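Worksheet for the structure shown next.
Throughout, protein chains are lettered first and strands after them, A, B, ... in sequence-line order, and every chain is numbered starting at 1. Source: prediction; values computed, not measured.
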Amino acid sequence: MKYDFAAIEKKWQDIWDARNVFAASDDYSKPKYYALVEFPYPSGQGLHVGHPRSYTALDIVARKRRLQGYNVLYPMGWDAFGLPTENYAIKNHIHPEKVTHDNVQRFKSQLKSLGLSFDWNREINTTDPDYYRWTQWIFLQLFKKGLAYKKEMSVNWCTGCKVVLANEEVVNGVCERCGSPVVHKVKSQWMLKITEYAQRLIDDLDLVDYIDRVKVSQRNWIGRSTGAQVDFGTTAGDKLTVFTTRPDTLYGATYMVISPEHPYIEKWAGLIQNMDAVRAYQEESARKSDFERTELAKDKTGVKLEGVRGINPVNDEEIPIFISDYVLMSYGTGAIMAVPGHDTRDWDFAKKFGLPIIEVVKGGNVEEAAFTDCETGVMVNSGILDGLSVEEAKKKIVEWLAERGKAEPKVNYKLRDWVFSRQRYWGEPIPIIHCDHCGYVPLDESELPLRLPEVDSYEPTDNGDSPLAAMTDWVNVKCPKCGAPAKRETDTMPQWAGSSWYFLRYCDPHNQDALASKEALNYWMPVDWYNGGMEHTTLHLLYSRFWHKFLYDIGVVNTPEPYAKRTSHGMILGENGEKMSKSRGNVVNPDDIIREYGADTLRLYEMFIGDFEKAAPWSQSSIKGCKRFLERIYGLLEVLQPGEAYSEALEGSFHKTVRKVSGDIEALKFNTAIAAMMSLLNEISDHGSINHAEMKTLLLLLNPFAPHLTEEMWEQAKFGGMVTEQKWPSYDEEKCKDAQIEIVVQVCGKIKARIMVDAGCSEQELLDAAKAAPSVQAALNGKQIVKEIVVKGKLVNIVAK
RNA sequence: GCGGGUAUGGCGGAAUUGGCAGACGCGUUAGAUUCAGGUUCUAAUGGUCGCAAGGCUGUGCAGGUUCAAGUCCUGUUACCCGCACCA
């Protein structure tokens, strides 16, 4: 009997489709399980072998949950707005909608050929007006609550894509997508106040089950630091406020630095004697791209302000003020107190400009280097703080200054507000109208969706405006409030918008009155298990958690967090151990593998390839082992015997394998689950036959991994019904125990014998049996027993001299 | 620089959390089947010494704790990922 995988897989995919086997039910009385994988961007390249790793893993979980009696929601959709499609459309003069449609068709047929148990009735597409209507709706709610606002700001401008990028999309000073240099440009942008949620985004990580490294990167990205805001005086009369995490070192502050963009520079223009040099420096740093700034990071630059000096509030000493681009306007107050004795950057700067360095915490040598590792030190040269620990000093000085109205405790976050505008065509239009009299006026909700207009050219304009800006018919409208001539917003939303709430739409994808019904959301949310790539652990996860919390606050959803559990899979690398890419020529196409080995083999191999959470190189020869395993499984039909109970010889092994596979799936250890089934198969082969009861269990265990083959075998064995209609097998803990167990006997830690004993025997019996072994006696001969260690069920160690 | 991770045979990787290192698979070798290639089956397979019984050695490196360490502690090296002048 040949294993004709192509015929088998086609046959069962058609049956599943026709019978709608994997549709989630709307019967809300059943226990639910919501398994989710990140929906793909339907690129022109088609599916990558990395996609099935994640999809198969949760497919296994979903299929197992169905067999366990859950109402399972395992949906799929398309995150289809985005630049590559738009760029392709521009280049080839094809409408992006058409490009998207074609790519989706290709992706969908590829996913179907993998036998993934998605509920295709709930397929969604972020570019569908029925979908983005609700993306726009959420934006309007954010706007109404003051969380969306417009701001003139210096933004990251990609010279290649001619588009504004979020900080997160700038990698090493170049555009994440196209690699062109990124420079600063001042533009009026829509912003979302994610910073308002910073603390809750940290705190609520305690409510969810994410793998640790994901939580850690979320916390690091938000970057909370506690310290104090301290008001320094100036000879100009203004107070200059700084943020510091080390108020204890205030006596060591020998100068101040403000950012080149700091507003006080203009304010003090009349007082500053070297304004030419200051302006030259300002221009120089504005011209620098982020890339140049970081390149030059080692060498500190700056200009001293002649004519204005700062006054240290702890001792009223006058200190110089510099401008330097190592101080960022976008963090804290844009001004710092510099403590060269205990901060590396300040130390470098002080050395270069010949500024005094004062030691205020004992323990280092501040002439040699900044002493920064000083949290446990003792204060010196610090007036009222002398002799205190750093901890005590921090508290005391802030209290002392606060009494005088010069300081207050303060928490800062690295997280910045989210730049939400893109000057592009292929994105959700922002539903706002600008009126000269009324300002920014939201579109009435009844007018949603605000559809993308048809345009002839998708090219961004040279001045950086969106292609939509050229569509005067579309742009020029009447103000909804006062009726005066007004203009539509021509920017579109970033790609992250549609993916920030898509998991909600799956709950009720065809709803025309709301993003999803209250009942559906209450039943399905939160997502029980969400798997995706490590590359999305900061941005997508943070953005979607932020939106979800906002929707929670306005009563749309009933859970504070969207995902109860989050895991991440490792990348699949090329055969040479490098990341797969066209330029490296090491790309494996899943279509080829399915054609040559079948979907079941591909699924099994991707799960067997290694630790699910780690990167693993592709191996064309290892895949054969998985094919061989499935062929051997198929061959078991030839030795199938009657028998409705496990045979005595295999009973223990079956119970153990059920336990192992059940547990391993939950722990993401698919590789060892497969290894256990391989071992079981080896035992069955040695035994020579398999009976009905055993075959049923084996097919059920293997079904989530190799669904087509197991359905086919179930049918050929005439077991009745389909595997998907059965119950997940159970095991008996008692039956997993062997009557006889092997015990290792060591003498002085070296293995001397292995003995078989009854599982229930006592420690004394074990010890006696161990000592009776000839090789043990030989090793003990003439020696004095010092110590005897007995580990029940495992080993005996006799220490002798 | 900061944060996170990894290091085990020729290769991918196991190891019930301190108790038999190398499960399972690939590859390799030998034998059987075959006209042959492929397939399949049987056996062997960390290194090393030995005819053998058996011994020695072995989880990046150096120490330590322990009857017992891949696993715990101290130090160290290499590589990967993320962030990067965040005061």
Lys750(A), nearest nucleotide to its side chain (from A14(B), C56(B), C24(B)): C56(B)
Applying a 4.0 Å non-hydrogen cut-off, can you work out what Val791(A) is touching in the nucleic acid: base, sugar-phosphate, or nothing? base
C1' gap between G22(B) and U8(B), integer Å: 8 Å
For Asp738(A), is there an ion pair with Lys656(A) - N to carboxylate O distance below 4.0 angstrom? yes
Between G10(B) and C49(B), how far is it from one P atom to the other, in whole Å? 15 Å
Within less than 4.0 Å of OP1 or OP2 of G12(B), is there a side-chain N or O belonging to Asn671(A)? no
Electrostatic pair Lys394(A)-Glu391(A), nearest N-O below 4.0 angstrom: no
Can you see if the side chain of Asn682(A) gets near the phosphate of G25(B) - specifically, an N or O under 4.0 Å from OP1 or OP2? yes
What does Ile789(A) touch in the nucleic acid at a heavy-atom separation under 4.0 angstrom: a base, only the sugar-phosphate, or nothing? base
Mind checking the C1' distance from G47(B) to U65(B)? Whole angstroms is fine. 29 Å
How do Asp343(A) and Asn797(A) order along RNA chain B: which one's closest nucleotide is nearer the 5' end? Asn797(A)
Ala616(A) or Met534(A), whichever maps to the more 5' nucleotide of RNA chain B: Ala616(A)
What are the two closest non-hydrogen atoms of Tyr210(A) and Arg545(A), and how far apart are they? OH-CD, 3.6 Å
Using a strict cut-off of less than 4.0 Å between a Lys/Arg side-chain nitrogen and an Asp/Glu carboxylate oxygen, indicate whether Lys239(A) and Asp231(A) qualify as a salt bridge. yes
When you compare A52(B) with C61(B), how far apart are their P atoms, in angstrom units rounded to a whole number? 30 Å
Any side-chain N or O of Lys787(A) under 4.0 Å from OP1/OP2 of C67(B)? yes
Ring centroid separation Tyr197(A) to Trp418(A) under 6.0 Å: no
Sort me out a list of protein N/O and nucleotides 40-43 of chain B N/O pairs below 3.5 Å, or just none if empty.
from, atom 1, to, atom 2, distance (Å)
U40(B), OP1, Arg628(A), NE, 3.3

When both hydrogen-bonding distances must be under 3.5 Å and the geometry is Watson-Crick or G-U wobble, what is G3(B) paired with, if anything? C81(B)
To the nearest Å, give me how far apart CD (Glu606(A)) and C1' (G12(B)) are. 14 Å
What distance, rounded to whole Å, do you find between the two C1' atoms, one in G13(B) and one in C24(B)? 9 Å
Using a cut-off of 4.0 Å on non-hydrogen atoms, how would the nucleic acid contact of Glu742(A) be classed: base, sugar-phosphate, or nothing? base
Checking understanding here: a glycosidic angle within 90° of 0 is syn, the rest anti, so what is U57(B)? anti
Assess whether a salt bridge exists between Glu788(A) and Lys771(A), defined as any Lys/Arg side-chain N lying under 4.0 Å from an Asp/Glu carboxylate O. yes
Under a 3.5 Å limit for both distances, which nucleotide forms a Watson-Crick or G-U wobble pair with A15(B), could you say? none
Counting the atoms with a prime plus P, OP1 and OP2 as sugar-phosphate, which does Gln746(A) contact under 4.0 Å by heavy atoms, base, sugar-phosphate, or nothing? base
Can you see whether Ser225(A) engages Asn412(A) through a side-chain donor-acceptor pair at a distance of less than 3.5 angstrom? no
Whole-Å distance, Phe608(A) CZ to A14(B) C1', equals 10 Å
From OH (Tyr255(A)) to CZ (Phe353(A)), nearest 0.5 Å: 9.0 Å
Could you tell me the separation between the NZ atom of Lys787(A) and the SG atom of Cys748(A), rounded to the nearest 0.5 Å? 12.0 Å
Tell me whether Arg566(A) is salt-bridged to Glu38(A), with the criterion being a basic N under 4.0 Å from an acidic carboxylate O. yes
Considering every strand and a 4.0 Å limit on heavy-atom distances, what is the contact class for Ile609(A): base, sugar-phosphate, or nothing? sugar-phosphate
For residues 332-341 of chain A, which residues have at least one heavy atom under 4.0 Å from RNA chain B? Ile336(A)
Base, sugar-phosphate, or nothing: which does Lys669(A) touch, judged by heavy atoms less than 4.0 Å apart? sugar-phosphate
Ignoring hydrogens and angles, state whether a donor on the side chain of Asn682(A) or Arg632(A) is under 3.5 Å from an acceptor on the partner side chain. yes
For Asn412(A), report the nucleic acid contact type (base, sugar-phosphate, nothing); a contact means any heavy atom under 4.0 Å. nothing
Under 4.0 Å, counting only non-hydrogen atoms across every strand here, what does Thr245(A) touch: a base, just sugar-phosphate, or nothing? sugar-phosphate
Answer with base, sugar-phosphate or nothing: what part of the nucleic acid does Ser324(A) contact at a heavy-atom distance below 4.0 Å? nothing
To the nearest Å, how far apart are Ile321(A) CD1 and A87(B) C1'? 16 Å
Pick the C1' atom in G19(B) and in U6(B), then give their distance to the nearest Å. 26 Å
Reckon Ser622(A) has a side-chain N or O less than 4.0 Å from the OP1 or OP2 of G27(B)? no
Taking the minimum atom-to-atom distance to the side chain of Lys300(A), which one of A23(B), C24(B), C85(B) wins? C85(B)
Any salt bridge linking Asp248(A) with Arg246(A)? Criterion: basic side-chain nitrogen under 4.0 Å from a carboxylate oxygen. yes
When all nucleic acid strands are considered with a 4.0 Å heavy-atom cut-off, which category describes Ser619(A): base, sugar-phosphate, or nothing? nothing
Could you work out the separation of G58(B) and G1(B) based on their P atoms and round it to a whole Å? 34 Å
Considering only the P atoms, how many Å lie between U74(B) and C85(B), rounded to the nearest integer? 31 Å
Grab the CD1-P distance between Ile222(A) and C83(B) for me, whole Å please. 15 Å
